[in-house]
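Let me begin by presenting the structure, written as structure tokens, before commenting on it.
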Amino acid sequence: MNFAFGREEEAFRHEVRAFLADYRDLDGFFRQGRVWPRVKAMFQAMGERGWLSLAWPREHGGSDASAVMEFLLWDEVAYARAARNPLAAGIVARTLIRHGSAEQHARWLPPIRSGHLHFSLAYSEPEAGSDLASLRTRASRQGERYVVNGRKIWQSYAQDMDCLWLLCRTGSSESRGRGLSLLIVDIDAPGVQLTPHPTLDGEQLNEVLLEDVEVPVENRVGPEDGAWALMSEALADERHIQFPPGRVRRDLEEMNAWVREQGLADDPHVVRRMADLAVRVLEVEMHGLRVLDAMQKGLPAVVEAAANKVAHSVVCQEIARAVVDLAGPEALVEGVRPSLLWRQSLWETIGGGTSEVMRGVVARKGLGLGGRA
Amino acid sequence: MNFAFGREEEAFRHEVRAFLADYRDLDGFFRQGRVWPRVKAMFQAMGERGWLSLAWPREHGGSDASAVMEFLLWDEVAYARAARNPLAAGIVARTLIRHGSAEQHARWLPPIRSGHLHFSLAYSEPEAGSDLASLRTRASRQGERYVVNGRKIWQSYAQDMDCLWLLCRTGSSESRGRGLSLLIVDIDAPGVQLTPHPTLDGEQLNEVLLEDVEVPVENRVGPEDGAWALMSEALADERHIQFPPGRVRRDLEEMNAWVREQGLADDPHVVRRMADLAVRVLEVEMHGLRVLDAMQKGLPAVVEAAANKVAHSVVCQEIARAVVDLAGPEALVEGVRPSLLWRQSLWETIGGGTSEVMRGVVARKGLGLGGRA
Amino acid sequence: MSFDVSSDPPVDLPFDLAFDPGQQAIADAVARFCADRFDDDAVKQSTGAVPRDAWQELAGLGVLGVLTPEGEGGLLEAVAAMEALGRAVFPGPLAATFLATRVLADPERSRVAGGSVLVSVGSAGLWPFAEQAGVVLEIDDESVRRVHFASAPTPVDTLGGETWGRAPVVRDADLPDAAAGLVVYRTLLAAQLAAMGRRLVDDASAHAAVRKQFGRPIGDFQAVAHPLADCAMRLDAAATLARAAACYRDAGADAPSRRYAAAAHVSACQAGLDAAHVCHQVFGAVGITLEGPVFHVSRRIRQLASTAPGPDASRRVLTSCMNGEAAQ
Amino acid sequence: MSFDVSSDPPVDLPFDLAFDPGQQAIADAVARFCADRFDDDAVKQSTGAVPRDAWQELAGLGVLGVLTPEGEGGLLEAVAAMEALGRAVFPGPLAATFLATRVLADPERSRVAGGSVLVSVGSAGLWPFAEQAGVVLEIDDESVRRVHFASAPTPVDTLGGETWGRAPVVRDADLPDAAAGLVVYRTLLAAQLAAMGRRLVDDASAHAAVRKQFGRPIGDFQAVAHPLADCAMRLDAAATLARAAACYRDAGADAPSRRYAAAAHVSACQAGLDAAHVCHQVFGAVGITLEGPVFHVSRRIRQLASTAPGPDASRRVLTSCMNGEAAQ
């Protein structure tokens, strides 16, 4: 048993930290939608270092790096508040590598690897949130193209992305998860229309209306009607870099510093709450490491990842709520960190799989309990 | 709007308090099974004062007293830790009054009213706890008697009671709630066998095995197969005197005094926790008063009573857990109050309707939400 | 220690937790006013400054002056109004205004009650609605003090969407009747918070009853239904505590009114915040958009729950009640 | 403040959270021993005094001496043993014994490790297993002191079913290596508590998977399943924190081992108690009987979670870690 990382891994971590020093004030983790040009430039700089394709196979321009290296990279990026891991280099690229054709590899992987091409996942719909298998956006095959009609919603960052990674129905309307396909859709294609929904953290989510959007068949990734398995696989690839503990550790550090600045460091109640939150943060770190450990052993990590998601997101909220409670009116001032964290963390238990769904995963797959009720 | 009680009601409360002064050390609320002779004597003394039949109609020897008077009586008894309200004078008597024959009235009501005859509710079974409609104990009509076979479990105090208030199946095995009847069964009848299950609070629950127990048909209360409606009615009659807030108020007072005796009164964390618990106790008092208010207006009080049950029982546990946490090893000593309360309160969220069932009632009937899932 | 209702002077009225017809009429009138003149869209747009027109109209209904001698109302009448205002998420310094009408004298009291002078109640240099306020009251421990700004306040945007201000103050005079004033303030904050929370819970329950996922309404799932039930229960308790505080205040029972007001305040802050968190969760993504049905309420709950004097001050009141009375 | 793993000296082993084969062998051997020689019935009957025969056999396996020079083990080996002992709810002063083998010298150390001398660790006059104890250690803040009873201890029955004793003590000497000893103590208490809690959660889950109400297993209801899931998650985190503390302790990394041990202790106390409450609820009435499957575990969890030095002392360690390092 060993909780520490090796020398080579630590050396890489320090390289990452040195790189991130230039992005200290970026705050792209919370403000990507407002500072996208700088975030994109950072991704391109990371692309130059090969960091966006760290764990890709060498034949696709990757470094075959370990799960630990990937974890360290994105944990540091999260801790630095620089960005969230880009979906293009993760879910999209991994699926392309595994299921794409040689032509697709040649076309899409290089610009993803270099940080020039970015994707928005277009999964959820007004009537299909946690229950994706009920989605209705339809792609009708007409010769060598699909004609897509439907409405997607809650797409983060779509306003700045180049392509949609679109999950849509090619099977019958009752086919649930068995009739879905994945298409790459140019976000500037005729018939694609974005509507912003500003969110409480100062960012926005997007609604994507697709009206008779024509998508070449060669933009379909994987078999027709076969997307469900691909999606699950892709999700499984990313478990160790989603919800990195560095984000929560940074929350605690910022809040502890802020509380001290407010002159509350000697209040016994504040001291005790911060100690309890420190325990919670270390619990979250353990969940993150448990996911990593399972991943690097090639285990599915389904339960560990669900537990990590719940703990991570709940603790984000606990920290923010506690600090706003402790600090009184000063924590209400716009622009102070507690206020932002309180707003932003409300999203964490919803986005990326709700806590309700994740607890169900732990109950079913971890404890052998039954249904979804 | 008025939260206080009237002069006559307050005068009655003082009379009750004066009465209870003699039972200051009884602790029958927590130890009825160990001090039954004294509790029974107290009930008989209450019976002499007409207090067991306070709200019964005058024609049955009652005083037609208001819900407020009944509430005050049993709230003071709970606060004094003297006893829990006896089921005979409550659920049993009210059902008899409403649905019993003149012969049944003459036979059962006088000894109940005087505190000489006591009943144990025999509802739940090994396979039917929260889901009573699935019970299996069968009463087969054979001429002028029923022959009863089955197994009941978790009967509080049955070891000292005179009769069982037995809910059993007279309909088909698939009849669920539609095929149940209520029988009065002498606990000394041949074929009735009690097995004690000692509980963590030093008391016991009982298992009641019924083997070919013969019960005269005249011991059936209400129509054959018609018990479900009677049970619900009887439950509704008692909502304002079950889970009286006095119990929780006393818990807080005892724990606050104990914590001060332990020299913890100046610990800022202890002070804060006690203040928060005081808020919780006052919330419980409000729930108790909300039930009372609805009852005296003739409203069903279903949601209020469910909320009261949840709040009451959860706060009992919160107080005990907090104090044992705060006081460290000294709270572990057998015989000190925190240790007893910790053990005893674990039962409160289970007995008398689990918190899960009660939250479901609030969700369905209070908020218009759906199923039981 | 005793939280025993019976130690309070008995008032020979029947026990009854419903508003009397006059109080109910106030609640109904305010609810109608809000529905007609200040609906949800208006509430969402009302961040920043106090909407003076609506404020003036509210004052014109006599609502803000209910605690003045001319208003002839008691705290229960103010609670009845505040429950309706909270449910409608009406903006502005409501509890502060009622406090001022309790502790100020005429002619200022009438101007505040008439809606022409706005009140800022705060402490430690951060003042709600500072630029618009004509009266500034500082709460310091359990006293209420008249102060004025030493220099023009610097505007500060807040989480709740209100523009507050930062300024040093010059202290004028401690006001008489601070204890009764703070009972008013805490009670009305509690009534407002509990009503806002209950509004959210009712909206979220209505949503959960129709929103389907996995083939059935999400309200069928206990993971959705039970947290909503818990919120409703706690909010009802908090609202009832506020009513109790008002009832005892109006009966002239100082000690119980102080205790119940403090408990109502702590209870409503916690229950309101819990409700905000739960309802964001129940509404999912739509609940975190600015245009959605939750944030314009939850941000105000968060703001009110942090408004000075915060729940910690009320906890101190409860501690002194508990242990002071234990010594008797 | 920094809880940053990377500030600790890197150890050039691959990252791996599984026990190595030697550690796993210990865990397996202890689990077998408990299953064969000290099953659930024995555990239920083991309240009161320490069962000396079983204790001696456990010592005979080398388990209690794993931290001695002869034992050639590290804290991870002790954690491996303790996880198995916790899961089997093995009684007696286990963490205290390991602490003693860390801070005492021979020949006493060998007697403790050999099972012939029992250890009592406490503070403030209440001593676990006092009448049986041959070594008494007092924990005072972050020091560990050798003491002896000034008079024969008065037996005290406890919630956990163990017989403790009350006695004044005479203080002998502060022991060296107290900091490392307390890391051992907290880490092993945490490992034990987390394992006991997880045992309860697994038993309750197995029950919930088959116990039917309303026509289906109660584990289908989210109100049953989700609290169990929450408990399992928190217990796993606590157990992992204990493993981390042990790992850093064995690597000679003092600061992180101290931090993780304190966090593991707080985490495991809370998670263990939560699990006890949830599992009583899941088992319903059967869970509150003495013969049932919960209380003999939950009472020991409650006891261990209150054992001195309690979680508050560990919170103080974390506070000093957080703010001490913040100043760097």
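Remember, predicted model here, so these are calculated numbers, not experimental data. Quick note on labels: first sequence line is chain A, next is B, and so on, each numbered from 1.
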If only atom types and distance count, is the side chain of C:Gln213 paired as donor or acceptor with the main-chain N or O of A:Gly129 below 3.5 Å?
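Yes.
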Crowded around A:Arg34 CZ? As in, over 12 foreign heavy atoms under 6.0 Å?
yes
At a 4.5 Å cut-off on heavy atoms, which part of [X] comes close to chain C: side chain, backbone, both, or neither?
{"X": "A:Glu127", "value": "both"}
{"X": "A:Ala128", "value": "backbone"}
{"X": "A:Asp201", "value": "neither"}
{"X": "A:Ser124", "value": "neither"}
{"X": "A:Glu203", "value": "neither"}

Evaluate A:Arg321 against C:Asp274 for salt bridge (Lys or Arg N to Asp or Glu O under 4.0 Å), listing each step before the verdict.
CA-CA 10 Å; A:Arg321 179 166 169 183; C:Asp274 286 347; 2.8 Å; yes
Would you call [X] and [Y] a side-chain contact if the rule is heavy atoms closer than 4.5 Å?
{"X": "C:Glu291", "Y": "A:Thr199", "result": "no"}
{"X": "A:Leu332", "Y": "C:Leu126", "result": "no"}
{"X": "C:Ile288", "Y": "A:Leu205", "result": "yes"}
{"X": "C:Ile218", "Y": "A:Glu356", "result": "no"}
{"X": "C:Arg299", "Y": "A:Leu200", "result": "no"}

Is [X] close to chain A through its backbone or its side chain, or both, or neither, when contacts mean heavy atoms under 4.5 Å?
{"X": "C:Val294", "value": "neither"}
{"X": "C:Arg302", "value": "both"}
{"X": "C:Ser123", "value": "neither"}

Nearest 0.5 angstrom please: [X] [atom1] to [Y] [atom2], how far?
{"X": "C:Thr289", "Y": "A:Ile153", "atom1": "OG1", "atom2": "CD1", "value": "8.5 Å"}
{"X": "A:Ser345", "Y": "C:His280", "atom1": "OG", "atom2": "NE2", "value": "9.5 Å"}
{"X": "A:Asp325", "Y": "C:Gln270", "atom1": "CG", "atom2": "CD", "value": "8.0 Å"}

Pick whichever of A:Gln317, A:Gln204, A:Arg343 has the most heavy-atom pairs under 4.5 Å with chain C.
A:Arg343
Check against side chain to side chain contact (heavy atoms under 4.5 Å, CB included), A:Glu334 and C:Val156:
CA-CA 7 Å; A:Glu334 277 297 300; C:Val156 172; over 6 Å; no
Residues at least two apart in sequence or cross-chain that pass side chain to side chain donor-acceptor pair (under 3.5 Å) with A:Trp342, listed by chain then number, are C:His277
Heavy-atom closest pair (A:Pro329 atom, C:Trp164 atom, distance to 0.1 Å) is CB-CZ3, 4.1 Å
Shorter than 4.5 Å, heavy atoms on both sides: which option in C:Glu162, C:Gln281, C:Lys212, C:Arg211 has the most such pairs with chain A?
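Option with the top pair count is C:Gln281.
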Out of C:Pro311, C:Gly310, C:Gly284, return the one with the most heavy atom pairs under 4.5 angstrom to chain A.
C:Gly284
Which of residues 306-313 of chain A have a heavy atom under 4.5 Å from any heavy atom of chain C?
none
